[in-house]
Amino acid sequence: MELCDLYSKDRVRLGRTMVRGDAQPQGTFRIIVHSCLFNSKGLILVQKRQGTKESWSNLWDMTASGSAIAGETSQEAMGRELFEELGIRHDFRHDPPLLTVTENGCFDDIYLFKADCDLDRLVLQAEEVQEVSWADADGIKRMVVDGSFVPYPASFIDLLFHYARNGTNPEGVIFIPEAS
C-alpha cells in the first residue's frame, strides 16, 4: 500500500494522504514524475511498459515515471523511480522540472537530462518494464499514431526534443550498476 501526499491547486501540501489507487478527494492534487533521458545523439531512452500495468499496459513510454509517495519531493520521487525501473542513478535535487502539466488532479513534473548509457547494462524492473530502446521524435510520433506508444500530442514530443537539442538543464551524471 503506497500513500501519496495531497496538495492544493496552488501546490501547497495539505497534510493529508491518500492510498494510491483509491478515489482521490475532489479538488486535491498529487505529484506524478516523468523523466526524459536523452543521449549525445539526440535520442530519448524509451521503455515498453509491462502487460500487467493498470494503465498504458504493453505501450512504449518515456524513460521512467511514477507517483511521489508520502514525504517525498518531486525530485526524490524522480530519482527513486528512475533507479527502480532502470537501475540508473541520477541526483535530481538541483534539477527543477522542465515543465509541469496540471491535469486530472495531478501535477505531472517532467524532467529532462542528458547522459549516454549502454542499454545492455540497465537493470529493468520486471514488474514495470519489458524492454528499452532509443528513439527519435519521428519514430515516437509514428508509434503514437499506430497505437504502440502512450498517446502524447505530437507538439509535446516536439517540445521535448527541442529542449533536448537547445539545452535547458545541465548535463546529467549517470551511474550504471556493474553487471553481475
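- Here the side chains of Ser57 and Arg49 are not in contact, with every heavy-atom distance at 4.5 Å or above.
- Salt bridge status for Asp109 with Arg11: present, with a side-chain N to carboxylate O gap under 4.0 Å.
- The CD atom of Glu85 sits 8.5 Å away from the CG atom of Asp61 when rounded to the nearest 0.5 Å.
- Taking every heavy atom of both residues into account, Ile140 and Ala135 meet most closely at CG1-CB, 3.8 Å.
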Check the pair Phe113, Leu82 against side-chain contact (heavy atoms from CB on, under 4.5 Å), reporting the backbone distance first and the verdict last.
CA-CA 12 Å; Phe113 68 111; Leu82 185 64; 3.5 Å; yes
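- Scanning both residues, Ser67 and Ile32, for their nearest heavy atoms gives OG-CD1, 3.3 Å.
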Report the C-alpha distance between Met78 and Asp95 in whole Å, list the side-chain angles of each, state the deciding distance to 0.1 Å, and finish with yes or no for side-chain contact (heavy atoms from CB on, under 4.5 Å).
CA-CA 10 Å; Met78 189 69 268; Asp95 296 348; over 6 Å; no
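- To the nearest 0.5 Å, the span separating CG on Leu99 from CG on Leu112 amounts to 9.0 Å.
- Looking at Leu86 and Leu124, their side chains come closer than 4.5 Å, going by heavy atoms from C-beta outward.
- A heavy-atom distance below 4.5 Å is not found between the side chains of Thr52 and Glu127.
- Without hydrogens or angle criteria, Ser35 side chain to Tyr111 main chain gives no donor-acceptor distance under 3.5 Å.
- Using a 4.0 Å cut-off between charged side-chain N and carboxylate O, Arg80 and Glu84 make a salt bridge.
- A donor-acceptor pair under 3.5 Å links the side-chain atoms of Gln24 to the main chain of Gly105, judged by distance alone.
- For Asp146 and Ser148, the side-chain atoms include at least one donor-acceptor pair closer than 3.5 Å.
- A heavy-atom distance below 4.5 Å is found between the side chains of Phe149 and Val46.
- Side-chain contact between Leu45 and Leu122: present, with at least one pair of heavy atoms (C-beta onward) separated by less than 4.5 Å.
- The aromatic rings of Phe156 and Tyr152 sit tilted, their planes meeting at an angle between 30° and 60°.
- Distance check: Arg165 CZ to Leu160 CG gives 10.5 Å after rounding to the nearest 0.5 Å.
- Once rounded to the nearest 0.5 Å, the distance linking NZ of Lys53 with CG of Asn58 reads 12.0 Å.
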